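To start, the structure under review is shown below, and the notes come after it.
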Amino acid sequence: MIFDNQYIQERIKKTEKLREEGINPYPNQVKKGIPSKQFLRENEDLLSMDAEVKKDESREYTLTGRIKFVRIMGKAAFAKIEDSEGLVQIYYSRDDLPEGYYNNIVKKLFEVGDIIEAKGFPFVTQTGEITLHCKEINIVSKAISPLPEKFHGLQDPELRYRQRYLDMIMNAEVKETFIMRSRIVSLVRRFFEEKNFLEVETPMMHPIPGGANARPFITHHNALDVERYLRIAPELYLKRLIVGGMEAVFEINRNFRNEGMDHTHNPEFTMIEFYWAYHRYDDLMKITEELFDYLFDHLGLERKLPYGELEIDFSTPFAKVPYIDSLTTIGGVPAEITNDREKIVAYLKEHKIEVDPNLTLGYLQAELFDEFVEGKLINPTYITDFPVDISPLARRSDENPDIAERFELFMAGKEIANGFSELNDPIDQYERFKGQVDAKETTGDDEAMHMDTDYVKALSYGMTPTAGEGIGIDRLVMMLTNQHSIRDVLLFPAMKPEVPRPELQPLCDVENLCKKCGHDVTEELKPAKKGKGMFCIDVNACKERAANKK
RNA sequence: GACCUAUUAGCUCAGCUGGUAGAGCAACUCCCUUUUAAGGAGUGGGCCCAUGGUUCGAAUCCAUGAUGGGUCACCA
């Protein structure tokens, strides 16, 4: 049973006791009191009051919050209660409350973890803390589970993620990160709205997974009796909207990828994707820099932020390095190798990286990039002009058909954004999908894209030249809040299921005799392992008895 | 997926080379009308992650598994 813990039982008894006293432990008609910070601010003047006891009994306040500390000193007590803004101290004593209420109710039945309402007037304690002197205290919600230890709080990361609400109660700074996250999302949304982008919502359940290279989650639609795939990216739907005549759209929402989990990957994660007709990929790089400036200005952040041991300089414009150049200038790969498939395979082998030698040049270059370049990109850097064969949805460069008009933005060694001029040639798109389907077959790449003829059909009606980009919101938040695990920027990160403990089996009957010597004084025996019998506690005496038996 | 590491009271943690479990906070019973992680006196509380193995004896040693964390690999 989930309530069989002794501490919970104690608290349930107190809850019953409240009911017996005619007090509802879960009342419904409670209004939020004055915010804690406002209470402290409005009574700051008491601090400079020229009086022996600094107080103002004419002011009346109601505070509501969760009890975090209680200090009882006989007939008077202090407690700290916490609301969403922070802690505030209250004081209550026997003689200020109705007859018997202090001794029998507040002192006995209210405890750390409970949410209460306190009414009274402000005063300043001897140590100079603005405190509410209570004339009335009421229960708002009784907690029957105890809170973790008050000083160390909740440390165990597993419990912090599984019981995030407890983490939030105990670790105030957690809330700060999520407040930042909310502000960032809000500002991103506002930025694009101010640029006259239209926010749209496209399907989360796709008949064909598309828009990225990733394995999807599969679900089933009963009425239609068809498989549906949770979306891995909204890209292909957003571009259908461009075909339909929308010229600037964006969507901020979840993508789902059925892949491994680690400190930068969660099965569901948040992206913004935006599409901008009559623009090209270099416009995207400009607007992305604008977005960062907008965020930093509105969040009041310094342009140089710490990220663990690193310092990241977010000053715009960001560095720009063409993909192939980056292999040499940043990755240190000799230039004569980077365009030769066999040399790349050999070079990778030298560095103890095994690859499928059937991979195309672009994929092999991607191996080089992932291995030698990505981790070294600390300050925000655009890597531009990607190989076409790893960019199946991007438009070819007019100058070089092997290169796509595509960039990715990296910082702290991690990819944050990916954007390109969109491929709007339906025939070329059809061929590229076919290339992906072939890759699926030849190299067994189960993350390669599927043929989406419906999308090609949409393109066949003509799509304006368009540029589109996706920005990983979770990773962006990590960068701006100096968090190193995606789990720390997700309120409820994905976790493996908790395995319930099997019910304890009753101990089978064991003779109360020592297995060695036959001694039968129960107090002098102790059980070995379950079902394995009893043994003497006094080993020497046992040996003696065993010897005598013979 | 590989390797390393952790799992002991509600929480935070001790527990060495095997001898049968400890502290602080929290809880319970008292004392205490300006405390700040309040203080003082006392009491109760443990499937030592699970299952096997070694052993007279395992929280401790070994194996396997579960879950968490870390490193790497995979992955846009």
Side-chain angles (χ1 to χ4, degrees), chain A residues 5-11 13-14 53 68-80 87 89 91-96 102 108 111-113 123-129 131 133 145-162 166 170 212-215 232-233 257-265 352-354 366 369-371 374 386 390-391 406 408 410 414-418 445 447 470 472 475 484-485 487 495-505 507 514-517 526-530 532-540 542-543 546:
Chain A
N5 174 284
Q6 55 167 316
Y7 302 98
I8 296 180
Q9 284 301 318
E10 287 282 356
R11 282 173 170 254
K13 273 186 212 146
K14 292 181 186 177
V53 184
K68 295 296 287 289
F69 303 91
V70 175
R71 296 183 274 273
I72 296 174
M73 292 154 302
K75 296 172 191 66
F78 287 92
K80 292 233 165 153
L87 290 164
Q89 180 164 264
Y91 168 85
Y92 48 99
S93 69
R94 187 192 62 186
D95 300 339
D96 289 311
Y102 176 82
K108 285 226 175 84
E111 56 200 321
V112 170
F123 78 111
V124 179
T125 64
Q126 288 182 352
T127 48
E129 179 163 354
T131 301
H133 187 130
S145 281
L147 290 181
E149 202 251 351
K150 64 186 171 192
F151 187 60
H152 298 91
L154 186 67
Q155 301 290 335
D156 183 348
E158 183 168 359
L159 290 179
R160 293 184 51 202
Y161 297 139
R162 286 195 198 280
L166 248 198
M170 298 310 297
N213 297 85
R215 273 190 294 263
I232 55 175
R257 298 190 185 174
N258 203 342
E259 288 168 350
M261 295 154 57
D262 62 28
H263 61 112
T264 51
H265 295 85
K352 300 195 165 56
I353 302 154
E354 289 296 332
F369 183 85
D370 292 346
E371 185 63 29
E374 183 169 7
F386 274 58
I390 59 169
S391 313
R406 172 184 176 192
E408 286 188 355
F410 292 88
K414 293 178 182 71
E415 180 201 339
I416 293 294
N418 175 21
D445 180 359
E447 288 173 353
R475 291 185 186 177
H484 297 252
S485 171
R487 295 188 154 184
M495 299 291 280
K496 285 197 195 177
E498 252 180 311
V499 269
R501 266 188 160 187
E503 284 294 313
L504 190 58
Q505 296 300 317
L507 272 178
C514 172
K515 273 191 137 181
K516 279 277 161 187
C517 67
K526 47 123 188 124
K529 281 190 175 173
K530 273 168 231 156
K532 282 192 83 176
M534 306 285 271
F535 291 96
C536 291
I537 290 169
D538 186 337
V539 177
N540 290 331
C542 177
K543 279 179 182 166

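First the proteins, then the strands, lettered A, B, ... as listed; each starts at 1. Predicted, not measured: the structure shown is a model, and the values here were computed from it.
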What string of B, S and - do you get for nucleotides 6-11 of chain B 5' to 3' if you count protein non-hydrogen atoms under 4.0 Å? ----BB

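Looking at residues two or more places apart in sequence or on another chain, you find a salt bridge (charged side-chain N to carboxylate O under 4.0 Å, His left out) between Lys14(A) and Glu111(A). With sequence neighbours excluded, no residue forms a salt bridge (charged side-chain N to carboxylate O under 4.0 Å, His left out) with Lys414(A). Partners of Gln6(A) by side chain to side chain contact (heavy atoms under 4.5 Å, CB included), not counting sequence neighbours: none found. In this view, Phe369(A) and Tyr323(A), Phe410(A) satisfy the ring pair (Phe, Tyr, Trp, His ring centres under 6.0 Å) rule, not counting sequence neighbours.
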Side-chain polar contacts of residues 68-77 of chain A - donor-acceptor pairs under 3.5 angstrom, sequence neighbours left out - could you list them?
{"unit_1": "Lys68(A)", "atom_1": "NZ", "unit_2": "Glu82(A)", "atom_2": "OE1", "d": "2.7"}
{"unit_1": "Lys68(A)", "atom_1": "NZ", "unit_2": "Ile169(A)", "atom_2": "O", "d": "2.8"}
{"unit_1": "Arg71(A)", "atom_1": "NH2", "unit_2": "Gln89(A)", "atom_2": "OE1", "d": "3.2"}

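Between the CZ atom of Phe69(A) and the C1' atom of rU34(B) there is a distance of 18 Å, rounded to whole Å. Atoms NZ (Lys75(A)) and C1' (rC30(B)) sit 13 Å apart, rounded to a whole Å.
Side-chain to base pairing of Gln89(A) with rU35(B): one donor and one acceptor N or O lie within less than 3.5 Å of each other.
Among the heavy atoms of the strands, none lies under 4.0 Å from Met170(A). Using a 4.0 Å heavy-atom cutoff across all strands shown, Lys68(A) reaches no nucleic acid atom at all. Residue contacts shown for Arg162(A) are limited to sugar-phosphate atoms, with no base heavy atom under 4.0 Å away.
Taking the C1' atoms as reference points, rG24(B) lies 34 Å from rC62(B), given to the whole Å.
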